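Both counts, for ligands and for their atoms, begin at 1 and track the order of listing. Quantities reported herein were computed from a predicted structural model and do not represent experimental measurements.
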Amino acid sequence: MGKASVHWFRHGLRLHDNPALLESIMACEKFYAIFIVDEDETELMGYNRMQFLTESLRNLDAQLRALGGQLYVMKGEPTVIFKILHTEAGMSRLTLEQDCDATWDKHDKVVRRLCEELGVEVVEKMSNTLWEPSKIIEANGGEPPHSYEMFLQVTSTLGMPPRPSPNPEWEDVLFGELTDELATKLGLFPHVPTPEDLGYYPENNELAAFEGGETAALALLQKRLKLEEDAFRDGNILPNQVNPDILGPSLSMSAAIRFGCLSVRKFYWEIQEIYFRLHRGIPPPLHSLTAQLVWREFFYCMAANNPHYNEVSGNPLCIDIPWFRNSENYKAWEEGYTGYPFIDACMRQLRKEGWIHHVCRTAVACFLTRGDLWISWEEGLKVFMKYLIDADWAICSGNWMWVSASAFERQLDSTCCICPVSYGRKIEPTGEYIRRYVPELASLPQEYIHEPWLAPLDVQKASNCILGYNYPHRIVIHEEVSKENKKMMENIKHSLRTRSPHNNHCPSSVREPSLFLWVPQSFHRDTV
Ligand code: FAD
């Protein structure tokens, strides 16, 4: 039995820019590529996300088979699997892409300890972020920079992010084969499983917005780069969040980046290079697409050492706002029956396609929390984590805290709150988006599509949409609840400011929004 190197695919489901994979295939006698179905991680997943994951695994398997190998997909406890691979397949080196989330670190510590005991070398490489969060924290004196502005200052001292690593050379790689006996011990799937093999079935006539896998991600990237190049050429450097097209097919790379089918460093550098080329070596300005990628870094960095980042309790970043509990309103929001057509269209698109535009995420998150229902962002996070294909522990939690004004520079920000009617109308005035996802409103005339409660009864009858019968009445009256909510925010802010400075719930960093706040909230300005 020769010395074998095992590459454990987790999030970085790609062959390009994969430094840990490069290390794995270098100077080993045998190489195995594996993926372990982790029940902790898959518990929360909806069908679309599971489908994206299994498609990504199938694509990796197909690429490895074309090179003479395969991807072994197994289900079980990683430490048990690694013990077997060590004793029965000669694993002497384990390589993996390091995950900076505090949740993964807990799992990985156990694996590291086992490998140390077994004398297995562990090689971990970070390639899921532009900069290593630990280096940013170190450069900031041991703490994550607490505002985006500070974050930009600190990262500017680190220089440009590393370029992607070279593609692997596969010519001399000898792929190991697992015997049938070993396959049984390892809980190996006979083929890459489908969502159904793993017990996931469609619930909402799902029709995923994206296809999983590196090949599809790289093809989508080419379309996205063309779009960006045309925009740069026209002098438009603003991210698509500023002029959103919520009707067209999405060219979002977020799902591909989330599963690592596309390297974020490749995306970043390809955009930089287009801009450099068109603007003779000048880098893109701060408020451009690459700035959006920096927001991603910011949230990762804030989450790095914070295992409670996805909850209020024990989370030093988050203010403990006394949210309401109202299971009926929560259910209406989740299922898209709030009586606010734009909000309902967004939630139904989310459940069906596993994706909604940033402006829609912002609208529904504000509606659930400080805007209308005054329900905790933790409840909204659960729904997003289930249905979004790109659901990411650090990014999703960070954005929910942001929109609900629970953390960061936005703490208890009561100055702006989204109106579900005028905001929706501003983003998509024709009502086509609502007609697509809320078919019971499809025949309502455009003037009422965002506010069906204003339609006279004869119009409702003629449109086959009687309020309270075909479509619900509004669960809350925005004009009233938003005023109340604003007052509650003001009161909490006031009481926290007047509390003892030693109280660690006191948001000492409450201050006016910084210059950079406009980036994710560019459409939040629709005040009531
Ligand atoms: P672009 O504008 O093209 O941005 C390029 C990339 O930058 C994105 O693909 C993404 O990787 C990153 N990015 C963009 N905006 C943000 C942001 N505000 N925060 C962090 N990274 C960003 N994005 C996720 O990838 N996963 C999530 O789970 C997620 N949850 C969210 C929850 C809420 C409540 C909100 C308001 C936003 C959330 N976002 C999340 C951020 C953002 O909405 C998506 O990244 C964006 O819609 C993806 O579309 P795009 O690729 O066209 O974005």
Set of residues satisfying side-chain contact (heavy atoms from CB on, under 4.5 Å) with respect to Glu229, sequence neighbours excluded: Arg233, Ile274, Arg277, Leu278
Side-chain ion pair, Lys382 and Glu379, N-O less than 4.0 Å: yes
Flag, side chain of Asp372 to backbone of Leu368, donor-acceptor distance under 3.5 Å: no
Atoms in ligand 1 with a heavy atom of Trp400 nearer than 4.0 Å: 34 (C)
Proximity flag Arg224 to ligand 1, non-hydrogen atoms under 4.0 Å: yes
Atoms of ligand 1 close to Phe384 [distance to a heavy atom under 4.0 angstrom, numbered from 1]: 32 (C), 33 (C), 34 (C)
Ser252 N/O under 3.5 Å from ligand 1 N/O: yes
N or O pair under 3.5 Å between Asp392 and ligand 1: yes
Ionic contact status for Lys483 with Glu479, cut-off 4.0 Å: no
contact_flag Trp355 ligand 1 heavy-atom lt 4.0 Å: yes
Electrostatic pair Asp17:Lys266 at N-O distance under 4.0 angstrom: no
Where ligand 1 meets Ala391 - atom numbers and elements under 4.0 angstrom, heavy-atom basis: 28 (O)
Close approach, Met253 and ligand 1, non-hydrogen under 4.0 angstrom: yes
Contact check: Asn399 vs ligand 1, nitrogen or oxygen atoms, below 3.5 angstrom: yes
N-O pairing of Glu206 and Arg49 below 4.0 Å: no
Per-atom contacts of ligand 1 with Phe299, taking only distances under 4.0 Å to non-hydrogen atoms: 19 (N), 20 (C)
Pair Lys386 + Glu203, salt bridge at N-O below 4.0 Å: yes
Nearest option to atom 10 (C) of ligand 1, as decided by whichever heavy atom of Ser404, Ser254, Ala394 sits closest: Ser254
Element-labelled atoms of ligand 1 that are located less than 4.0 Å from some non-hydrogen atom of His358: 18 (N), 36 (C), 37 (C), 41 (C), 42 (C), 43 (O), 47 (O)
ring-ring contact (aromatic ring centres under 6.0 Å, His included) partners for Tyr268, two or more places apart: none
N/O separation below 3.5 Å, Asp390 to ligand 1: yes
Sidechain N-carboxylate O distance under 4.0 Å for Glu451, Arg425: yes
Heavy-atom closest pair, residues Asn485 and Gly371: ND2-O, 3.1 Å
Option whose closest heavy atom lies nearest to atom 11 (O) of ligand 1, chosen from Met401, Arg258, Arg296, Met385: Arg296
Per-atom contacts, ligand 1 versus Thr362 - under 4.0 Å to a heavy atom: 36 (C)
